[in-house]
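Let me begin by presenting the structure, written as structure tokens, before commenting on it.
Throughout, a chain's letter reflects where its sequence line sits, starting with A, and its residues are numbered from 1.
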Protein chains: 2
Amino acid sequence: MTRWLDADEQHAWRSFLAATQLIYEALDRQLQRDAGMPHTYYMILVALSEAPARSMRMSELAARAQSSQSRLSHAVARLEERGWVRRERCPSDRRGNVAVLTDEGFAALAAAAPGHVEEVRRSLFDVLTPEQVRDLDEICSAVRNTLER
Amino acid sequence: MTRWLDADEQHAWRSFLAATQLIYEALDRQLQRDAGMPHTYYMILVALSEAPARSMRMSELAARAQSSQSRLSHAVARLEERGWVRRERCPSDRRGNVAVLTDEGFAALAAAAPGHVEEVRRSLFDVLTPEQVRDLDEICSAVRNTLER
DNA sequence: ACCAAGTATATGAGAGTTCAAGTAAACTGC
DNA sequence: GCAGTTTACTTGAACTCTCATATACTTGGT
């Protein structure tokens, strides 16, 4: 009944698990060490920094930063304590909240970005050929098309 | 100074983050729901099940299951509470511990495996062509060769 | 206007992870 | 043969994440 993985698939799968974990660990370690935040927080700050008025509804932000609503809510609470983000009541829909990136938050992101990009290069792009980057992009698109609702 | 990502790299990177997170979330949800364990625990059980006598030194196990020593130590403590793993003092090196997969642990793994493999197929292999699987394998090998150790 | 159902977010508890110490045993050189 | 270092593993605290639940507002019928 069960369609087990054949030898090639096994190898690819384990290699995938190893490689992706190595990358995520490298990212998290670098960001934690040099910027005092986990990668998930970094993604939140990035998403906010790219939004008009550096602000976004919580649910929209959760989608952009690939976070669950609950995770985002907790994370923004922490970011708020640090003064990097501020929450405002949404005027048009009083259920809603808008997260706003503060200047301090933007500065923290700007300070963190170069080291982070360097780490992204070191752990992924520097080890791949341009063709492999294209291959990877297509592979990831295929996965997203299936798993993203 | 900073070598920022160009548009293609940006796209590939964000697609990579999205796709890998989707896969990990799918894995974790399925295992948690159907087998009551996170994916990291599953990897520990798999590693043990493949070892001679279904047992391994803690540090060796950490390496095989791609876990930090600390994480493994906590995880094995939990698995021990469930009766899935047992710890024995290592006779040759009295600093060491040997983790042993119990019959209950093996049974839990055997029960979890089919659903897990199904999820792995659904989220990765079913959406890729055989050539993409080969590409992915090579990409991951390249990453591992650089980041491992 | 009212009430049921749906939406947006928060919150608390429980579980897992990390980091920094801590313990204990094994090497290493003199 | 014993100080000093390294190795193997554990522990506790702080933090993050998940899941279930709660709260507050909105919307759609009637």
Open item on the list: If you assign each of B:Gly96 and A:Ser92 to its closest nucleotide in DNA chain D, which residue comes earlier from the 5' end?
Closed with: B:Gly96
- [ ] To the nearest Å, give me how far apart CG (A:Asn97) and P (C:dT11) are.
- [x] 9 Å
Open item on the list: Is it the case that the base of C:dT9 and the side chain of A:His74 share a donor-acceptor contact (distance under 3.5 Å, atom types as modelled)?
Closed with: no
Open item on the list: Under 4.0 Å, counting only non-hydrogen atoms across every strand here, what does B:Arg87 touch: a base, just sugar-phosphate, or nothing?
Closed with: sugar-phosphate
Open item on the list: Quick check for you: to the nearest 0.5 Å, what is the distance between A:Arg89 atom CZ and A:Asn97 atom CG?
Closed with: 4.5 Å
TODO: Could you pick out which residue, A:Arg29 or A:Val98, lies toward the 5' side of DNA chain C when each is mapped onto its nearest nucleotide?
DONE: A:Val98
TODO: Identify the heavy atoms of B:Gln66 and A:Gln21 that sit nearest to each other, and give their distance.
DONE: O-NE2, 3.0 Å
- [ ] With heavy atoms under 4.0 Å as the rule, sort B:Ser59 into base, sugar-phosphate or nothing.
- [x] sugar-phosphate
Task: Rounded interatomic separation in angstrom, taking CZ from A:Arg71 and C1' from C:dA10 - done: 17 Å
- [ ] Grab the CD-P distance between A:Glu80 and C:dA10 for me, whole Å please.
- [x] 9 Å
- [ ] With the side chain of B:Arg94 defined as its heavy atoms from C-beta on, choose the nearest nucleotide among C:dA26, C:dT9, D:dC25.
- [x] C:dA26
- [ ] Would you check if the side chain of A:Glu148 reaches a backbone N or O of A:Asn145 as a donor-acceptor pair within less than 3.5 Å?
- [x] no
- [ ] Figure out the CZ/C1' separation between A:Arg78 and C:dT11, and round it to whole Å.
- [x] 13 Å
TODO: State whether the distance check finds a donor on one side and an acceptor on the other, under 3.5 Å, for side chain A:Arg95 versus base C:dT7.
DONE: yes
Task: B:Leu79 CG - C:dA15 P separation (whole Å) - done: 14 Å
TODO: Answer yes or no: side-chain N or O of A:Ser70 and base N or O of C:dT9 forming a donor-acceptor pair under 3.5 Å.
DONE: no
Task: Neighbour count above 12 (heavy atom, 6.0 Å) for B:Glu81 CD - done: yes
Open item on the list: Starting the side chain at C-beta, find the nucleotide from C:dA10, C:dT17, D:dT26 nearest to A:Asp93.
Closed with: D:dT26
Task: B:Met58 CE - D:dT10 C1' separation (whole Å) - done: 9 Å
TODO: Could you check how far CG of A:Leu72 sits from P of D:dC19, rounded to whole Å?
DONE: 16 Å
- [ ] Mind calculating the distance between CD (B:Gln66) and C1' (C:dG16) to the nearest angstrom?
- [x] 17 Å
Open item on the list: Can you see if the side chain of A:Ser68 gets near the phosphate of D:dT18 - specifically, an N or O under 4.0 Å from OP1 or OP2?
Closed with: yes
Task: Distance below 4.0 Å between A:Tyr41 side-chain N/O and D:dC15 OP1 or OP2 - done: no
Open item on the list: Parallel, tilted or perpendicular, judged at 30° and 60°: which one describes the rings of B:Tyr42 and B:His116?
Closed with: tilted
